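Owing to the predicted nature of the structure, the values given are computational and were not obtained by experimental measurement.
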Amino acid sequence: MSGTFVEVAAIPRATTVATARRPPFARRAARGVTPYLFLLPAVGCLAVWTYRPLAAALNLSFFSWNLLPTTPKEYVGLDNYHRLLDLPELRTALWITAMMTLALMLFTVVLPTIVALWTSAIGGRGRTVYSALIFAPVLVPPVAGAALWQWMLDPHSGAVDKVLGAEINWIHETRPAQIAIVVITGWHLLGFAVLVVSAGLAGIDEEYRNAAVLDRASRWQITRWITLPLLSPTLVFLALMTILMSGTLTFPLIDTLTQGGPDSQTTNVYYLLWEYGFQNFDTGFASAAGLLFFVAFGVIAVGLIRLSDRLTFHDS
């Protein structure tokens, strides 16, 4: 039996081209707005608690007013700013603020780095106990800590003078009072800074150290040429926070222990601002000072952030 094969053309199938339909405008708008809704509470708090008082301070800086509702405000223009720039106490307060800030670097950058490197080998449960103990002073309220240190620094019965074997009036002498403010503030900040540096050390890849050990590098060489450069972003962050926040961190201690004395030698810019606003009731002058400090520290922050990009090394 024989046959022939006949080729039959395939029947073409009907094809449909699917075209993507653009979602309606309302849906696209909702998707675009959603991320900003998560930021709305933070932005709202920032506007209410930061920018609204800042706008009020800007308005008050052009008036002379003593905070009494029965006393009308007197428009003085830029006189408050001229008075502030000509104030001799301002230069003294700026110098004291800068001096205390530099001294605090010892407790927020230098000592935390040494302690974190020295204790980096602690592990397990011992590290948990060590972290809790070193962080404990951060949890002490500044006013409570000031009361404790005031008792310890008493020149007659204080524990500090007994340990040192000398009778130093830490609160009412110029140089000891400045040292006391810096040391007590550093005692509060040291534990936090140590944990920040320890976190920075934990983020450094261990392969760098292992490679250096294979090349017979010493421990100091590894620390100097590998660990510290890769730790530089953390150290710059701590330095930036110290510069921007040292005035506010020392304020409660100054107000509790020395009230700016002796002879105004512990009066920083924030305490000077508080004195004119809430002791002399010169609201316009204090508002002008607050705005100038806000702008000055903002410029310093921007400069330090730009400088940090050139000074820091990042693990790529």
Side-chain angles (χ1 to χ4, degrees), residues 26-63 65 67 69 73 80-81 84 93 97 100-101 104 108 135-146 185 188-193 195-197 199-200 203 233-234 236-256 268-279 281-309:
R27 184 178 299 176
R28 287 186 283 115
R31 291 178 180 176
V33 170
T34 300
Y36 296 98
L37 294 178
F38 291 99
L39 296 175
L40 186 61
V43 173
C45 291
L46 191 64
V48 172
W49 299 109
T50 301
Y51 294 116
R52 183 170 173 268
L54 193 63
L58 177 62
N59 179 52
L60 287 173
S61 67
F62 300 110
F63 292 88
W65 186 41
L67 282 177
K73 301 175 184 177
N80 289 323
Y81 293 95
L84 177 64
T97 304
M100 288 186 174
T101 301
L104 276 175
T108 59
F135 190 75
V138 182
L139 304 178
V140 178
V143 176
T185 306
H188 277 283
L189 298 177
L190 180 62
F192 170 77
L195 294 185
V196 171
V197 176
T234 302
V236 169
F237 165 75
L238 289 173
L240 177 63
M241 296 301 295
T242 303
I243 292 173
L244 297 181
M245 299 183 64
S246 62
T248 57
L249 293 171
T250 55
F251 173 83
L253 299 176
I254 294 172
D255 187 41
T256 305
N268 63 7
V269 291
Y270 287 97
Y271 195 79
L272 182 70
L273 171 63
W274 183 84
E275 280 185 333
Y276 278 96
F278 297 98
Q279 288 187 348
F281 298 104
D282 196 342
T283 309
F285 187 80
S287 299
L291 284 171
L292 284 182
F293 296 157
F294 177 82
V295 173
F297 280 105
V299 171
I300 292 173
V302 172
L304 289 175
I305 290 173
R306 292 187 175 180
L307 185 63
S308 66
D309 295 334

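Between A146 and T256, the closest heavy-atom pair is CB-CG2, 3.7 Å. Heavy atoms only, all atoms of each residue included: L244 and Y270 are closest at O-OH, 4.3 Å. Here the closest heavy-atom approach between residue V138 and residue H188 is recorded as CG2-O, 3.2 Å. What you find for A93 and L272 is that their closest heavy atoms are CB-CD2, 4.0 Å.
Between F294 and L54, the closest side-chain pair of non-hydrogen atoms falls below 4.5 Å.
Within 6.0 Å of CZ on F278 lie no more than 12 heavy atoms contributed by other residues, nucleotides or ligands.
The CG atom of L58 lies 5.5 Å from the CG atom of L291; values are rounded to the nearest 0.5 Å. A distance of 12.5 Å separates CG of L307 from CD1 of I300, quoted to the nearest 0.5 Å. The structure places CG of L195 at 9.5 Å from CG of L190, a figure rounded to the nearest 0.5 Å. For the atom pair L238 CG and F192 CZ, the distance stands at 7.0 Å (nearest 0.5 Å). Here the CE atom belonging to M241 is positioned 8.5 Å from the CG atom belonging to L249, to the nearest 0.5 angstrom. Here D282 contributes atom CG and Y276 contributes atom OH; the two are 8.5 Å apart, rounded to the nearest 0.5 Å.
Exactly one of T97, T185, T101 qualifies for a side-chain hydrogen bond (donor to acceptor under 3.5 Å, both in side chains) with S246. That residue is T101.
With ring centers used as reference points, Y271 lies under 6.0 Å from F251.
Taking T234 as the reference, nothing meets the side chain to side chain donor-acceptor pair (under 3.5 Å) condition, with sequence neighbours excluded. Scanning for side-chain contact (heavy atoms from CB on, under 4.5 Å) contacts around L292 gives Y81, L84, L85, with sequence neighbours left out. By the side chain to side chain donor-acceptor pair (under 3.5 Å) test, T242 is found to be paired with T108, residues two or more places apart in sequence or in another chain being considered. Taking the side chain to side chain donor-acceptor pair (under 3.5 Å) definition, one finds that D255 meets it with nothing, sequence neighbours left out. Legend: residues meeting side chain to side chain donor-acceptor pair (under 3.5 Å) with T250, ordered by chain and number and at least two apart, are N268.
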I'd like a table of donor-acceptor pairs (distance under 3.5 Å, sequence neighbours excluded) in which one partner is a side-chain atom from residues 35-50, with atom names and distances.
none

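Donor-acceptor pairing under 3.5 Å is lacking for the side chains of S287 and S61.
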* Would K73 and L60 count as a side chain to side chain contact (heavy atoms under 4.5 Å, CB included) if you check the C-alpha gap in whole Å, the side-chain angles of each, and the deciding distance to 0.1 Å? -> CA-CA 9 Å; K73 301 175 184 177; L60 287 173; 3.8 Å; yes
